**Q** 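Would you mind keeping the following structure in view while I ask a few things?
So you know, we letter chains A, B, ... as the sequences are listed, proteins then strands, and number each from 1. Here the structure is a predicted model, which means the values were calculated and not measured. In what follows, every heavy atom counts, from backbone to side chain, and hydrogens, waters and symmetry copies are set aside.
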There are 6 protein chains.
Amino acid sequence: MTPRIVAGSAQPCLARRVAEQLRTEAVACELERFPDGELRPVVGPVRGEDVYVVQSTGPPVNEHFVELLLELDACRRAGAERLTAVVPYFGYARQDRRSREGQAVGARVVATALAGAGAQRLVVVDPHTRGLEAMCDIPVETLSAVPAVADALAPAVSEQAVVVAPDLGAVKLAERYAARLGGLSVAVVRKSRISGTTVEATDLVGEVRGRPVVIVDDMVSTGATIEAALQVLDAHGVAPDIAVAATHGLMVGDATRRLGVASVRRLVLSDTLPVGPAPGLSLEIVSVAPLLADAVGRLQRGEDLADLLLGG
Amino acid sequence: MTPRIVAGSAQPCLARRVAEQLRTEAVACELERFPDGELRPVVGPVRGEDVYVVQSTGPPVNEHFVELLLELDACRRAGAERLTAVVPYFGYARQDRRSREGQAVGARVVATALAGAGAQRLVVVDPHTRGLEAMCDIPVETLSAVPAVADALAPAVSEQAVVVAPDLGAVKLAERYAARLGGLSVAVVRKSRISGTTVEATDLVGEVRGRPVVIVDDMVSTGATIEAALQVLDAHGVAPDIAVAATHGLMVGDATRRLGVASVRRLVLSDTLPVGPAPGLSLEIVSVAPLLADAVGRLQRGEDLADLLLGG
Amino acid sequence: MTPRIVAGSAQPCLARRVAEQLRTEAVACELERFPDGELRPVVGPVRGEDVYVVQSTGPPVNEHFVELLLELDACRRAGAERLTAVVPYFGYARQDRRSREGQAVGARVVATALAGAGAQRLVVVDPHTRGLEAMCDIPVETLSAVPAVADALAPAVSEQAVVVAPDLGAVKLAERYAARLGGLSVAVVRKSRISGTTVEATDLVGEVRGRPVVIVDDMVSTGATIEAALQVLDAHGVAPDIAVAATHGLMVGDATRRLGVASVRRLVLSDTLPVGPAPGLSLEIVSVAPLLADAVGRLQRGEDLADLLLGG
Amino acid sequence: MTPRIVAGSAQPCLARRVAEQLRTEAVACELERFPDGELRPVVGPVRGEDVYVVQSTGPPVNEHFVELLLELDACRRAGAERLTAVVPYFGYARQDRRSREGQAVGARVVATALAGAGAQRLVVVDPHTRGLEAMCDIPVETLSAVPAVADALAPAVSEQAVVVAPDLGAVKLAERYAARLGGLSVAVVRKSRISGTTVEATDLVGEVRGRPVVIVDDMVSTGATIEAALQVLDAHGVAPDIAVAATHGLMVGDATRRLGVASVRRLVLSDTLPVGPAPGLSLEIVSVAPLLADAVGRLQRGEDLADLLLGG
Amino acid sequence: MTPRIVAGSAQPCLARRVAEQLRTEAVACELERFPDGELRPVVGPVRGEDVYVVQSTGPPVNEHFVELLLELDACRRAGAERLTAVVPYFGYARQDRRSREGQAVGARVVATALAGAGAQRLVVVDPHTRGLEAMCDIPVETLSAVPAVADALAPAVSEQAVVVAPDLGAVKLAERYAARLGGLSVAVVRKSRISGTTVEATDLVGEVRGRPVVIVDDMVSTGATIEAALQVLDAHGVAPDIAVAATHGLMVGDATRRLGVASVRRLVLSDTLPVGPAPGLSLEIVSVAPLLADAVGRLQRGEDLADLLLGG
Amino acid sequence: MTPRIVAGSAQPCLARRVAEQLRTEAVACELERFPDGELRPVVGPVRGEDVYVVQSTGPPVNEHFVELLLELDACRRAGAERLTAVVPYFGYARQDRRSREGQAVGARVVATALAGAGAQRLVVVDPHTRGLEAMCDIPVETLSAVPAVADALAPAVSEQAVVVAPDLGAVKLAERYAARLGGLSVAVVRKSRISGTTVEATDLVGEVRGRPVVIVDDMVSTGATIEAALQVLDAHGVAPDIAVAATHGLMVGDATRRLGVASVRRLVLSDTLPVGPAPGLSLEIVSVAPLLADAVGRLQRGEDLADLLLGG
């Protein structure tokens, strides 16, 4: 049996590449958009098949999320035997808990709706929250593009380079990159009360003076976090050889300009989201298609995913 | 106990008017929009309350729908004792069944997600499909704005006027308007094989020559249906005194221009959706706030809604 | 793998015919009836099988519905791998919404109970309501017997004949018959306010004088609708060559006598329900067994049903 | 707040009596029966109320069960705040497990459907299986009419009388009657291999010679069990003073004749089911209305039911 | 396809024996126990497999139950295609209903949690309550070890022997043993009001004087029930040749000592639970591994279990 | 209405103190323990009440968890109107995701089972994972005992003291303590690759030389984390004035000895778990009873909890 790939409209070329790697054609999926903004997808024949709907829920996030719901429902009603939502970039992952009363837990709302629309399994790549798995009633496979992105970075990264986590939440990620890059040092930028009386001082932990740096994060959104980290790094005298790497390139707002101004030499992203041209930046895109195709193939054949997963 | 109104961002002034009529203040509800398009509502205190989230899911429909999901989840987690989604205009209602294999049943996807996010009851106004009630696991109250819209029409409608249904699906609606307007005649425009060999002939059933007409529908979307009906009516020699009435004014695309060109004299809509200026049209907006406030008040007090419902 | 047919007691010969067409034997299914009216079915071995329980829920509707629930539960507990309820005539379909407060939505109650008893998919034929699909949480395949019934009618239908819808709800159906019969004309009988002051006048839209007619409907229940339509047609001078066609032959109450008195020349029905002798009527029964067998075979092999479905 | 009683059609006078005892009027509930056997109940206003639908599911069991489903759905959609199914006689209780592969678990099918239709709590009287409570996802209150029936028996029961369980399953019940009747002896009729080689010998355990007997069971269905027990008792020389007591009087088939022939002097039943005239029998009916009214009142006021329950 | 056996820690050698009989290796399953008592199982690769987790929930019952929940969840998330909980001894089965207000229905709580953790089917052996099947939403296969235990007993059981049920609840079981042992007599010890005024007299039904006895029950827990039965049997002059047989050997508290003192000659148990040395008793253990392997093999191949089931 | 407190056996005096603060008596709750380890709670009358079952799931964690399931089921069946599980210490919280294939998500298994047993809301105190809220389908209120514990610490903490997070996961917590203690400095002990080649070097971030320290964590389990942190702190020359503070005192294994050897001067814990005597330690216990009583009172009255929550 061949797995069947349904390509949502968010990044159809990624889905097609996954299908190619699996030596199959993506299932036809037309998407009608009505003048009032309603969407109506029509998926090709999937009866009795093991179906994977590939759709990142990046901007416009609500459009892509609702489209995914409709595509899952369409596949379910069309008789898909097994139905997996492959959501390389999982939107609303930052809303993984209420930080005060009156808020929603957006990530769970999304997860619940996906299962409600028919998804029986979820595959994501480097989600912003590790809590995603526990939120979902359906099994979740949490893949990582870090090895692929790190390998793309590797050729031009010196042994002296330091991997920098732009905040505390990225420390584990930085350690993963550092290990994959042959055991580099890690440094952390943190905003907080380390030094006592000053409330919002930003500090750098780790030695970076005169060394090239690779700033890593799960995603680059507005670029503000990277920009702030670069100011701290500058103040600590890093070498003017700065690379930025992340799985997800949201690149919203002024992101391109910000990174350009900050003289980022290289920007390495995966294609979980479509990334437009980034004038003034040396942008490299690493495809997650091989990763997704490998995962889908194993799921379909009933094999372990262990080495593809984000892990610990 | 006072019912508590939470105003979604789709039409906040409607919600506020409902609250006013109930002599209460709408619960505070801020809506953060992140640069990547994610929404994060924060609702004010609703613990132990009987809460009504008022949000039409008109254009941009997916934004408004996801916002509503998040607001319901927020209210549920904040401890709302009872939680009702008041969705005056219910988007995706046209997708009430698959017209061919491979489609979704969008209306049900939406209904299921609303219940999954915490809605315990749904209140809608003149939905496009009467099947909505049976789709939902939660109780649905189907209100009608037809009496209010008809009453706004009435003063300037002559006894000679004919109420016109622009297609077969609108015949019952036309009969409701005709009855409320004092027993007017009804005519129907239909597209089909009445005359046999010609496949798509459009025909008019009923007598309209020399008489003023009121074309009625549940919604005015692009205006194309109205425009087509007017061509048929013209060919049958109606008087140049044309009014159009509908509950929902989507008014997307060229709607305003189309109706203007077609020399529609009056356009009467309710405020289930925000309607912008309609240059060249004599636009009258009838508020459904009294209807909604009446319904909410009765729900809260445990009274019958019978006379507010769409009925048969 | 062969699909396994379980024959409910409502129309066992239909189920057996379906099994025959699929070149398999129906699974044994005994039905014990206790003196107090309780039913206890025992189904034969179905462990690991793709099982289809064939049971129309026609009169006695409540008996047949509860029997179906029990048979589904029996198959589920006996280890059926996949379980489909094939309900050629779906009872309670008319209760698809509340026409006033205090009513139930009977169709949904039935649909919910079927899924609760273990049905994972539902197959129906020309249901009274198109809303059925959206009511069910499980996928629904809505087949149509119209082509088969129309083809049975065809040989003796003149090109001059008019297909008559006995009410507004049957117009689309009449158009389907007219198309299948080679592009006949359609006429519609309607009860309503077309002519203004008179409230319940019945009218005929379309030209029928001196022509033979084929009255079509989804079901013939008491025959009252047909009888009323015939009075109108008579008044409009139809030729005395009247055929009636429908998918479901409930034929309750005085139906046979009524149609006889009305000098219906031919009555063509399918065998979704058992139809007894109809003295005085020229009754032709078209079996839906080939349709059901075709659909079941495709479901089992994972093929499209597109051309078997009721459509738009 | 007053509890609201909705009377199903199975035994409306019982429901009315319950309402009376609670000093309220039963909610109006009309039941339409269509010519094809479909039911359509319409319940009166229950919005915001604490509603109890009283409906035994005795013969015709499938009719009464489906009616109950529809009434629960109607109440739920009409806005009942709390919804309890009061099912004094619970049909299908004997199908509480599969005695061989291929059977259904009918009692659970019924229980699941009731909860699916909206029941939030179930009240039953002396059900045939004590497993009912564990089958239901909703809380079940298992009342007992034994004290009431025993008290009705008491005046004419001699101290010498023996309470007889007609099979092993009725032993606990017999002990309950015996205790309530002031500590009478208990005897048991059993069918089995006590004596070894003979397979189906029937035996009597306990001393009955020359003594009056009271045969007790949860229900009298066809009377066959009682008849068989009486033959054994006769063979053991009981006095010709025989009473039969049970909570539920199904009295199907030849029951009346059988008990008459067997010279049963008294038959004491409750009114959980309507019992017709029983020519030749001295029939006494004890109403469970006070029991039900007491239970409903306490449920409504949030009080313990302990002394009304069947217990251990 | 081979079924995959996951061995819980309760009786791993039983699971291994089942795997051996199925000519497969048990899936690796490590169980970490943290210092605070939390358990963390890790199961080997099961993606796409038909998985059976074998774990009795005997003492320590809560530990074994929670471990089973975690193992089911682990298998589900690891991608098991089908997931069956094989629970040879099902703890909490005695709590199958509330005997008074304020109690839980423990058996249902356990059953619900197992299904919630991912079990899609349950296999049990001689459970204490026959209601288990109806409690579970998932299908339950109720196997019986009685034939195996009886066959182990048989060689040394004289034709004169009487099978004794130590209470009323065990009568059917005793009849099963008696039949399997070639048609022996059955006697019953019962505690109750048979003789009238004395409330708790214990009595023996059946003839045992001078004959060897085999006391049978579903489980031996503290041995108190057996001890009490033996006192009654002694008083009725049984021969000093006493065997005890049961499926489940809980053997808690003083059980070994009690049976020893009571001069039980043989104790035959199955290995649904691990049974330690029983000094002073002639203990024989009959493995249920062949029974379980047979059942699993048939479930996997889609065959009937009829002759392995507990039946009627 | 008064909230009703049901005290589980894990820490009954805490529950009683909560009840006292709410000026009510705890509902009677007996817990039978059978010889085989099964538990059977019996809760007092709770019909129609707003019930809070207070039970930490600390060691023996599986016993306390299963007991809580049974108590929730008991309350649900006894007619509790609203049912909240108050679980001050939530066991299995560390298993909030799979760190490799084959593991369970224990925290979710527990959360799902609690909701399945009837909990409608969950109240926890300083859970190990912030993901708990998103895991649960029911609303979760996440309280914090940090203010109470910090206030108990305060009098004897010098302004020079440094709050130490013993690992990265505790940094936010340390910042909370530092803020509450008047703006102290924070230092962090971390284990990782900061310095590059050495894989598991442990490092200290922040200045501690010659200063007193307060090590804070959410729980003290075996004390190993604290012990390791103290070795690092010693190496950095902290003053010999060491306090340890945590919400949950599991204190398993050698914890007391370890902390004693490490010359911890003060140990401040809350009473979410019972803490035994700690010879050689200056142990202070801060009760969370006022916190829980305040939260329960507000939940009952429908008030905000904002200032009691863990927040951001």
**Q** Donor-acceptor pair, F/Arg108 side chain versus A/Ala134 backbone, under 3.5 Å?
**A** yes
**Q** Heavy-atom pairs under 4.5 Å with chain F - which of A/Val162, A/Leu168, A/Asp304 has more of them than the others?
**A**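 So the answer, after comparing A/Val162, A/Leu168, A/Asp304, is A/Asp304.
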**Q** At a 4.5 Å cut-off on heavy atoms, which part of F/Ala306 comes close to chain A: side chain, backbone, both, or neither?
**A**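 Answer is both: backbone and side chain atoms of F/Ala306 are under 4.5 Å from chain A.
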**Q** Strictly by modelled atom types, are A/Asp126 and A/Ser144 linked by a side-chain donor-acceptor pair under 3.5 Å?
**A**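 Yes - a donor-acceptor pair under 3.5 Å links their side chains.
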**Q** Run the salt-bridge test on F/Arg94 and F/Asp218 with the 4.0 Å N-O cut-off and return the result as yes or no.
**A** no
**Q** Looking at F/Leu305, F/Val105, F/Asp96, which makes the most heavy-atom pairs under 4.5 Å with chain A?
**A** F/Leu305
**Q** Let's test your reading of the structure: which of F/Cys136, F/Ala111, F/Gly102 forms the most heavy-atom pairs below 4.5 Å with chain A?
**A** F/Cys136
**Q** Where the side chain of A/His128 meets the backbone of A/Gln95, is there a donor-acceptor pair that is under 3.5 Å apart?
**A** no
**Q** Does a side-chain N-to-carboxylate-O contact under 4.0 Å join F/Arg98 and A/Glu133?
**A**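 So F/Arg98 pairs with A/Glu133 through a salt bridge.
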**Q** Measure A/Leu132 against the heavy atoms of chain F and call it side chain, backbone, both or neither at under 4.5 Å.
**A** neither
**Q** F/Val140 versus chain A, heavy atoms under 4.5 Å apart: side chain, backbone, both or neither?
**A**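 It is the backbone, since no side chain atom gets that close.
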